There are 2 protein chains.
Amino acid sequence: MRPTKRDELVAKALQVFYRNGFHATGMDMLVAESGISKTSMYKHFRTKEDLILASLRLRDENFRNWLFRRMEELADTPRGQLAALFVALSEWFREDTYRGCMFIKASAEFQEADHPIHAQAAEHKRLLFSFVRDLAAKAGAKDPTGLAYSLLLLKDGAIVTAHMGYADDPAAAAAHAAEILLEAALGPVN
Amino acid sequence: MRPTKRDELVAKALQVFYRNGFHATGMDMLVAESGISKTSMYKHFRTKEDLILASLRLRDENFRNWLFRRMEELADTPRGQLAALFVALSEWFREDTYRGCMFIKASAEFQEADHPIHAQAAEHKRLLFSFVRDLAAKAGAKDPTGLAYSLLLLKDGAIVTAHMGYADDPAAAAAHAAEILLEAALGPVN
DNA sequence: CTATAAGTGTACAGATCGGTTCTCTTTGTC
DNA sequence: GACAAAGAGAACCGATCTGTACACTTATAG
């Protein structure tokens, strides 16, 4: 089952939007970079906004699959996996295609909270939160919600800091802070 | 010494860029909103990019003045002022004009690290870091740089989380995490 | 073979983009 | 009151924006 033209288009649009931004990317650029005709693009997606939403859906799927899998590979206890979140982040930051968080950037370009693109970006963050909170609960935290929020603040802070490039190693700083928070919430490691 | 036309223009451009985004705001919109003629705008600023840079300079000045002053008002010890950072943030988040961090959004729309706008946004973060690191040193931290980075990760994480609007009270979560980090770095409060 | 669907390529519409040019009016100063 | 500087207002330029129209080519299935 080879990928359909539609899937190829979305995958390529995802790359270009991520690299170049949403407003700054025109449909003509997508035609040039994807090799798919404008006619086909507008047959699959009625508007640019629809294409952006599809790109974000794919990104959400890819990113969560990658992150959750990587956290499970790196550790086999809930607590270890929470710490591994920041190891995975540091790997991501080192990729030369790293350009920050696509959802933060999407919500920055489409600011109104009720805008479909903004809303979908927020949904991605909610899904991450729910995963991390469940892990925190499994790890035995008394306040899994609070611990999850704290860790995700460090994560998003590190993501934007790594993208702005004014700090040496934001992933390491986040990992260090996370270790302290984990110890405060769960006690010292065995 | 009344404000010059130029200052009025920059102040208004700052508002519109902050509310509406950079690419999404056209010069015609600025003409309409500021009541200043296009001729004058282009006499003061050769390009839109120059106007954006001037807006960011003003924002940097306003924001640091406000934040540093507020932290000093809220506490009189270095440690207390570091904690007060998150009280000030929570006040900011509650303003109905709150739209996230203008510098994060600027670096999201102008992604290349060597782009003047991206570079200037990073400079703002560096100035904040330097202030917080000095406070951490005055508070007696063994690793002021590390403590400052950790606190600023929480701060930027809270800022983007508050803007995306998927969490109840990111400022409170950040304040709670910061309290733990401060205790770990500086020992229990007297 | 043929009917149908999917895709290509290109020209185009109407609006808006950043930026320029022009004329006319206001404003402050000696 | 004369004069220069600054600003207003609007037309305009070429480029680009999202989205459409149309004529042509491929691929697939009965």
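These figures come from a predicted structure and were not determined experimentally. Chain letters run A, B, ... following the sequence lines, proteins first and then strands; every chain starts at 1. Computed from heavy atoms alone, side chains included, the values below leave out hydrogens, waters and symmetry copies.
For W92(B) and F86(B), the gap between ring centers reaches or exceeds 6.0 Å. For Y149(B) and H176(A), the ring centers sit 6.0 Å or farther from each other.
With hydrogens and angles left out, the side-chain atoms of K138(A) and Q81(A) include no donor and acceptor closer than 3.5 Å. Between the side chains of R94(B) and S90(B), at least one donor-acceptor pair of N or O atoms lies under 3.5 Å.
Distance D50(A) CG to dT18(D) P: 14 Å, rounded to the nearest Å. One interatomic measurement links the two molecules: CE of M41(A) to C1' of dT10(C), which rounds to 15 Å at whole-angstrom precision. The distance between atom CG of L30(A) and atom P of dG19(D), rounded to the nearest whole Å, is 12 Å. In this structure, the CG atom of L51(B) is 15 Å from the P atom of dC17(C), given to the nearest Å. Computed from coordinates, the F45(A) CZ to dT20(D) C1' distance equals 18 Å when rounded to whole Å. Rounded to whole angstrom, the span from the CZ atom of R6(A) across to the P atom of dA5(C) amounts to 18 Å. Straight-line distance from the CG atom of L9(B) to the P atom of dG7(D): 10 Å, rounded to whole Å.
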Please list each protein N or O that sits under 3.5 Å from an N or O in nucleotides 9-17 of chain D, with the distance.
| from | atom 1 | to | atom 2 | distance (Å) |
| --- | --- | --- | --- | --- |
| dG9(D) | O6 | T39(B) | OG1 | 2.5 |

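A perpendicular orientation is assigned to the rings of F110(A) and F22(A), their planes being inclined by more than 60° (bins at 30° and 60°).
Set against dT20(C), dG7(C), dA8(D), the side chain of K5(A) has dG7(C) as its closest nucleotide. Listed candidates were dG19(D), dA8(D), dG7(C). Nearest to the side chain of S40(B) is dA8(D).
Applying the 4.0 Å criterion to OP1 and OP2 of dG7(C), one finds that H44(A) has a side-chain N or O inside that range.
Taking the charged nitrogens against the carboxylate oxygens, R57(B) and E123(B) have no contact shorter than 4.0 Å, which rules out a salt bridge.
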